[in-house]
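Before any comments, here is the structure.
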There are 2 protein chains.
Amino acid sequence: MPYYRRLYELLRKHIREGVYKEGDLLPSENELCSLYQLTRPTVRQALSALVNDGYIRKQQGKGSIVNKIPQGIGILSVSGTTTALKNQNLKTITIEKPRVITWPGNFMFGLSETEKESGCIYMTRLRLLNELPIFYDISYIPNINLPRFTARKFDNRSLFDVLRKTYQLEITSGEQKIRAIKAEQKVCDFLQIRTGHPVLHMERKMHTNRPGLNIYSSIYCNTREHAIYGTF
Amino acid sequence: MPYYRRLYELLRKHIREGVYKEGDLLPSENELCSLYQLTRPTVRQALSALVNDGYIRKQQGKGSIVNKIPQGIGILSVSGTTTALKNQNLKTITIEKPRVITWPGNFMFGLSETEKESGCIYMTRLRLLNELPIFYDISYIPNINLPRFTARKFDNRSLFDVLRKTYQLEITSGEQKIRAIKAEQKVCDFLQIRTGHPVLHMERKMHTNRPGLNIYSSIYCNTREHAIYGTF
DNA sequence: GCTAATAACTTGTAATTACAAGTTATTATT
DNA sequence: AATAATAACTTGTAATTACAAGTTATTAGC
């Protein structure tokens, strides 16, 4: 792991654990240099990654100021869904275990030839916050070089954790379409809401560090109690 | 304007105008160096800003690959709402002209003391896409050093354009809460939809380059025809 | 005691050099 | 002709140096 990345991970951990609180100043770039035996460009690379991910903001002449950690459900952020939640009780239930299907006709995003040919791993999950169902997820993953995937279990573990640890797959960026819709019967049942209740529908395409491999989800979200929170 | 910024603006313009199309490779970093008489760190700074804003992705050993330009309604991106739309006919109507009010009780985000003391500029606008109302915007701006703001006109011009050009205010980042709700009567009237139709509700806090000055909006969005599109 | 200049910080920009690591086209070998 | 090694690219990481520009604390002068 490169030096700038190590420093990034360390500072990120410190911020998340409250070593540096909201409004605090990080050590200055020169201090970080001498603390960790790095040069300024390297330190700046780590800091700009933190700025990028919303952990700090910088002000010329002043320093690196720690931002408030997102407390809501940070599903809009790049990092996995589970990560943004800290003390809240989030549980994941697999409704349909992963199985290989042919891609649905009229898919939400355009597919490459490679993706079309390789078929699709399909699974549905329900995610509960404090015992209340919040997300109904339908995931579509191209069946490209992911051995034994359908045999894996995801209960109480983020799909993205498995992808990262087992297949070294990381989400690098993505696109999404968001709508407010009247939920159909099946979705209402899963989310335990009245038929026709407004529901947030997200269609996401997530790019990974493996070029050409994208992960797709269709997510229905009950926002009655919790809003979707995101930074940009 | 710094060199890296100039190169960023130029390449961004070229991508938006189609000089480089989706999937194309930009000139290599070394080519850009000799083309514009810059050094590689400077070129890389410009490119990483383009990666950041989703215009390109990079692949080691290959090059900088141009991404698809977002064609939807790019309200989730940092840049102003109007910018992401290209050939579509977007019109803005001011419903309530900017006026100074006291901050509403139970405001959607916590306010600093400075913000509370300085009062609030309030305005509401309706934005139409191809003659159809899509967004109903309520904006709240702290009345801090913005001379003659209430006298300005915003018809058919992005609020953010005025803020940038008149007051050198730029949005640097922000946070938002998103919900699917049943629209109340007034909102339905503005958006020309049936009472109780699902509507997307966004509450946004936008940080600016002027430390301590944030812009707030509450946006109701009709997503029946158009989805909100964003990259991350 | 107050004010203004200054010094000592902070981050921002930029050139230079060097090598590592991934990709692609070329060349040599079989 | 197909394959494997290689060379010539590409971007990634990292140290070094220098000065510009913004912020804050100190100091000198009144």
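All heavy atoms count here, side chains included; hydrogens, waters and symmetry mates do not. In what follows, chains carry the letters A, B, and so on, assigned in the order in which the sequence lines appear, proteins first and then strands, with residues in each chain numbered from 1. If you're wondering where the values come from, they're calculated on a predicted model, not measured in any experiment.
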On a heavy-atom basis, the closest approach of Gly212(A) and Glu115(A) is O-OE2, 3.7 Å

Can you check whether Phe149(A) reaches Ile141(A) side chain to side chain, under 4.5 Å on heavy atoms?
yes

Does any nucleotide pair with dA7(D) by Watson-Crick or G-U wobble geometry, both distances under 3.5 Å, and what is it?
dT24(C)

What is the pairing partner of dT30(C), taking Watson-Crick or G-U wobble pairs with both distances under 3.5 Å in any strand?
dA1(D)

First locate atom CG of Asn143(A), then atom CD of Glu117(A), and finally report the distance between them rounded to the nearest 0.5 Å.
13.0 Å

Between C1' of dT23(C) and CD1 of Ile65(B), the distance in whole Å
11 Å

I want to know whether Tyr220(B) and Phe135(B) have ring centres closer than 6.0 Å.
no

Per-nucleotide protein contact string for nucleotides 9-17 of chain D (B base, S sugar-phosphate only, - none; heavy atom under 4.0 Å)
-BBBBSBB-

As a quick check of understanding, evaluate ring pair (Phe, Tyr, Trp, His ring centres under 6.0 Å) for Tyr216(B) and Phe107(B), giving each step before the final call.
CA-CA 10 Å; Tyr216(B) 303 89; Phe107(B) 196 63; 5.2 Å; yes

